[in-house]
Every structure is written in structure tokens, then in C-alpha cells.
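Heads up: the structure comes next, in C-alpha cells.
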Number of protein chains: 2
Amino acid sequence: MTRVLVVDDEPQILRALGINLRARRYEVALAGDGGAALRMAASHRPDLVVLDLGLPDMDGVEVIQGLRGWTNVPIIVLSGRAGSQDKVEALDAGADDYVTKPFGIDELLARVRAVTRRAAGVGEEAPVVRIGRHSVDLAAHAVRTDDGGDVRLTPTEWHLLKILVRNPGRLVSQRQLLHDVWGPQYQSETNYLRQYLAQLRRKLEDDPARPRHLLTEPGMGYRFQP
Amino acid sequence: MTRVLVVDDEPQILRALGINLRARRYEVALAGDGGAALRMAASHRPDLVVLDLGLPDMDGVEVIQGLRGWTNVPIIVLSGRAGSQDKVEALDAGADDYVTKPFGIDELLARVRAVTRRAAGVGEEAPVVRIGRHSVDLAAHAVRTDDGGDVRLTPTEWHLLKILVRNPGRLVSQRQLLHDVWGPQYQSETNYLRQYLAQLRRKLEDDPARPRHLLTEPGMGYRFQP
DNA sequence: TCACACCTTGACGACGGCTTGACGCACCCG
DNA sequence: CGGGTGCGTCAAGCCGTCGTCAAGGTGTGA
């Protein structure tokens with residue numbers, strides 16, 4: 001189920017978009033200003049953001065930059081201003097699309113499908129990977145041992161493992177892991193990472209003391225080695 | 001260099017777009033109808049297609065479907081028709097964006113940047129550099145030896161190597177290296193550079209005593225020679 | 001209400017990277 | 001020919017980071 005965060009300061013538009021999106025089987029969260037948008041994006045982790053530029057508390061471009069600082073979730077901008085300069089600024093700040101009011105709901109939904117289709121392509125990797133004697137099935141949310149048993153992971157462990165596995169062989173910085181799992185305000189709590197990486201290694205690595213797949217890059221981050 | 005295929009049946013628009021895109025350092029190919037567009041896409045492998053829907057020989061949606069049959073290159077549609085139904089059809093056929101004529105060239109260029117920025121994430125173009133028997137993958141933050149082993153670099157070593165590799169063949173002054181890695185107040189601690197360059201050569205060069213890629217320019221700085 | 005699973009927080013020893021100093025060598029210049 | 005400068009190398013100490021253990025806190029279901 002695709003999660004959408006809709007940000008608009010006009011309650012009736014907010015409500016209308018919410019109804020239309022929910023009717024299309026999207027999971028919808030609503031925010032009325034930029035601050036709420038950034039907070040909800042951090043806590044709710046949407047797969048798509050629909051953002052009105054005319055917010056009371058922040059400039060729309062600031063909201064885009066606030067999001068782009070730690071996530072590359074697709075952003076569709078709604079705006080009453082049709083000026084070329086506004087569009088360029090929003091798009092270059094990191095927005096994926098720019099729709100001028102008034103717009104048809106059919107068009108917006110088509111653009112939602114277009115950007116989510118493209119963003120979904122990124123996550124097309126093989127959803128099952130092997131770590132030691134275990135096979136991790138990201139799609140099924142399950143870890144099976146070769147002898148038939150299965151390993152239980154807590155939500156936080158899953159979240160962390162998911163990020164690492166989706167970047168096979170690549171270094172993932174501590175900052176990014178903390179951002180993605182715990183939220184933007186956790187940037188220095190590296191003890192969380194130490195704690196949960198140790199748990200993942202205990203559950204998945206053959207020799208937790210000498211990990212072969214969940215590797216530490218001292219001072220930089222962690223890496224999943226297939 | 002990003003390759004763009006522009007498809008339009010009006011020669012003057014074709015020419016104007018070509019000039020504007022080439023001025024922005026895009027490599028541009030032009031097609032005047034749908035058939036030519038599909039042929040050139042196959043032979044020319046563009047990174048982006050800008051497609052006018054009003055073509056003489058084929059319906060625009062057919063062109064999109066013809067492309068989507070074998071590639072997911074980003075497609076930006078240009079159209080004189082502002083109808084909601086046209087937009088929905090084009091977007092659902094696989095287009096990434098839909099711009100209604102008349103449009104500003106600045107807006108189009110911003111949309112070009114937006115879709116190529118997102119598509120670039122999928123391509124995972126890995127800038128891999130070779131040093132001796134090692135390949136350095138800057139994106140993955142990893143160094144692999146040809147026999148399969150991998151070399152571990154400390155954060156400072158990475159930082160230094162990154163700067164040198166990003167300026168291939170060019171001399172980088174000691175001052176700039178110190179400034180970028182250690183900070184503005186370190187401008188004369190050249191012993192740091194000697195220390196870390198020696199470590200990098202030990203880890204990467206085949207013969208650390210006679211470096212072939214990490215070269216010293218006495219009195220001036222260092223140079224990465226690919 | 002209790003039990004349990006999960007998350008958070010603190011503490012501590014071990015290890016390794018960073019810093020710093022010293023030395024030898026090659027080269028340049030007076 | 002002798003002094004100076006810049007570079008490469010080695011060694012040692014400091015300090016931050018990592019892995020680990022343990023305890024406290026919180027929410028949920030029985």
C-alpha cells in the first residue's frame with residue numbers, strides 16, 4: 001500500500017484530496033503546514049508527498065529542501081502560481097513534478113501514478129538475499145534458516161536490515177541509517193546502531209564476533225556484503 | 001554527457017529545442033516523426049526523450065508504448081492539448097511528465113533536470129577508478145583487489161583519495177588538500193599529507209616506493225594519474 | 001495486574017585511527 | 001662543498017569509536 005502525505009493549508013482541498021486518494025486505495029496522511037509536514041514525513045515515512053507551495057509558516061522551497069536533506073521520496077508540488085521562475089525553483093530544489101492550480105483530479109492522479117511508478121523501479125532488486133546460513137526475504141518479511149527454522153526480527157531490526165540489504169556492497173553512513181530508521185533528529189546516537197547491529201549479527205551471522213556480511217566501516221558507517 | 005532525443009514535427013520548434021539543449025551541454029538528436037523517433041531511440045540510446053504528441057505518422061501514445069516496450073528511458077511529453085484525458089492517457093502509457101504548449105524554455109529545462117536527476121539514481125552509474133591491481137568505487141565507498149579481496153581505508157584516507165580521484169590528472173595543491181580534509185586552520189601541516197599519502201600508496205600502489213598513480217609534485221602538491 | 005517483548009540508556013574495556021615527533025635521504029642553492 | 005628544504009618512513013602516545021553487557025522504561029496482550 002502506497003503511503004501519501006498531502007500538505008495543504010486549505011482544509012477543504014486537504015479533505016478533497018484525502019477522499020480521492022483513499023478511494024484509490026492509497027494510505028493518506030494530512031498536514032496543514034510546513035512544520036507538520038516535516039514532522040509527519042519523519043514519523044510516517046510516506047512513499048509520496050503532495051505539497052502545496054502556499055503554506056502559512058514556511059516557504060514551499062524550504063519544505064522541499066527540508067525533505068531532500070534526508071530522503072528522496074517523490075514530491076509533487078501544487079501551486080497557484082504559474083510563473084516560470086516558481087516552477088524552476090521548486091523543481092531544482094528537488095521536486096519531481098509541478099502542477100498548477102486549478103487542476104483536474106484525474107490529472108493529479110495520473111501524475112501520482114507516473115512518479116510512483118518511476119520511484120518503484122528503484123526498489124526492484126532481488127528481494128531475497130543470503131546471510132550465512134539464513135535467507136532473508138525482504139518481500140515476505142521473513143528470515144529462514146537452512147534447516148527449516150525461522151528467525152524473528154523486531155521492527156527496528158527489520159528496518160535497519162532492509163536499508164543495508166537494499167544497498168548491497170555499498171557503504172551506508174551512520175547518519176543516513178539513523179535518519180532513515182529513527183528520524184531526522186537522531187544524528188549522533190551511534191550507540192543505537194552499535195546495539196542493533198550487534199543484535200542482527202547475533203541472529204544472522206554464523207560467527208557474530210567475526211561478521212562476514214554485516215560489516216563495520218569504522219568512523220563511517222556499515223555495509224552489507226552479499 | 002546526457003543524450004537527449006527530441007521529437008517534433010515542426011522544424012522550427014525542433015531547431016529551437018536543439019539549440020537550447022546543446023547550449024546546456026546536452027548531446028541532442030532530432031527526429032521529425034514517430035517512425036524516426038523509434039529508430040533513433042534504438043540506435044542512439046538516449047538518456048531522455050522529449051516527445052511532441054502531434055506527429056504526422058503515429059499517435060503519440062503509440063510512440064510511448066513503442067519505447068516502453070523495451071526501455072524505461074525518461075519521457076517528457078509536449079502537447080498542445082491541455083485536456084485532462086490526453087494527459088492521463090500519455091502519463092499512464094508510460095510518460096514521466098506532460099508539458100502543455102506554449103511553455104517556457106526555462107520550465108522545460110527544469111523538468112528535464114528533474115526527470116534525469118531521478119533516473120540517474122536508477123542507473124547506478126558507478127564511477128570506478130583503477131589504481132594498480134585495485135578498483136576504487138567512489139559511490140560504494142569500496143576498494144576491491146582483482147583477486148576478490150578488499151582493501152580497507154580509514155575515513156581520512158578516503159577523504160584524501162576522493163579529492164585526488166575527482167581531479168584525475170590534475171595537480172591538487174597541498175593547501176587545498178589540507179583545507180578540504182582537515183579544515184581551514186590546517187594549511188602548513190604538510191606532514192599529515194606525507195603520512196597519509198604514504199599509507200594510501202602502501203595500500204593501493206603495486207610498488208609503494210615507486211608510485212605510478214599517486215604522484216608527488218615536489219613543493220606544489222599531489223596528482224592522481226589514472 | 002502480570003508477563004513479555006521491545007526500545008532506550010548508561011558504562012566500560014579493547015582496539016584502532018589520528019596526531020605528533022624524530023630521523024634519514026635526495027635535491028637545490030649559495 | 002656545506003647548509004637548508006622538502007619528502008618518505010618509522011615509532012609512540014592519545015583519544016575517539018566500537019562491541020558488549022546490563023539495567024531501566026514502555027507498551028501490549030493474556
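Labels below follow one simple rule: chain letters A, B, ... track the order of the sequence lines, proteins then strands, and each chain is numbered from 1.
Looking at every heavy atom in both residues, R117(A) comes nearest to L91(B) through NH2-O, 2.5 Å. When all heavy atoms are compared, the tightest approach of D47(B) to M1(B) is OD2-O, 3.8 Å.
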(message) Return a single string for nucleotides 17-26 of chain C, one symbol per nucleotide in 5' to 3' order, where B is base contact, S is sugar-phosphate-only contact and - is none, cutoff 4.0 angstrom on heavy atoms.
(response) SSBS------
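In this structure, the side chains of D96(B) and D96(A) stay at 4.5 Å or more apart for every pair of heavy atoms. Counting heavy atoms from C-beta outward, V50(A) and V7(A) have side chains that stay 4.5 Å or more apart. A heavy-atom distance below 4.5 Å is not found between the side chains of V136(B) and V151(B). Counting heavy atoms from C-beta on, the side chains of H213(B) and F224(B) come closer than 4.5 Å. Between L204(B) and L161(B), some side-chain heavy-atom pair lies under the 4.5 Å cut-off.
Atom P of nucleotide dC7(D) and atom CZ of R201(B) are separated by 11 Å, given to the nearest angstrom. Spacing between atom CD of E217(A) and atom C1' of dC15(C) amounts to 16 Å, rounded to whole angstrom units. Rounded to an integer number of Å, the gap from CG of L153(B) to P of dG16(C) is 16 Å. What separates NE2 of H159(A) from P of dT8(C) is a distance of 13 Å, to the nearest Å. Spacing between atom CG of L193(B) and atom C1' of dT9(D) amounts to 15 Å, rounded to whole angstrom units. As rounded to whole Å, 15 Å separates atom P of dC7(C) from atom CG of L178(A).
Taking the six-membered ring for Trp and thresholds of 30 and 60 degrees, H141(A) and W158(A) have nearly parallel ring planes, at less than 30 degrees apart.
R202(B) has a side-chain polar atom (N or O) that falls below the 4.0 Å cut-off from OP1 or OP2 of dC10(D). Not one side-chain nitrogen or oxygen of T190(A) sits closer than 4.0 Å to the OP1 or OP2 atom of dT17(D).
In this structure a side-chain-to-backbone donor-acceptor pair under 3.5 Å is present from R3(B) to H44(B).
Heavy atoms of Q174(B) sit under 4.0 angstrom from primed sugar atoms or phosphate atoms, though from no base atom.
A heavy atom lying under 4.0 Å from DNA chain D marks the following residues of residues 219-226 of chain B, by number: G219(B), Y222(B).
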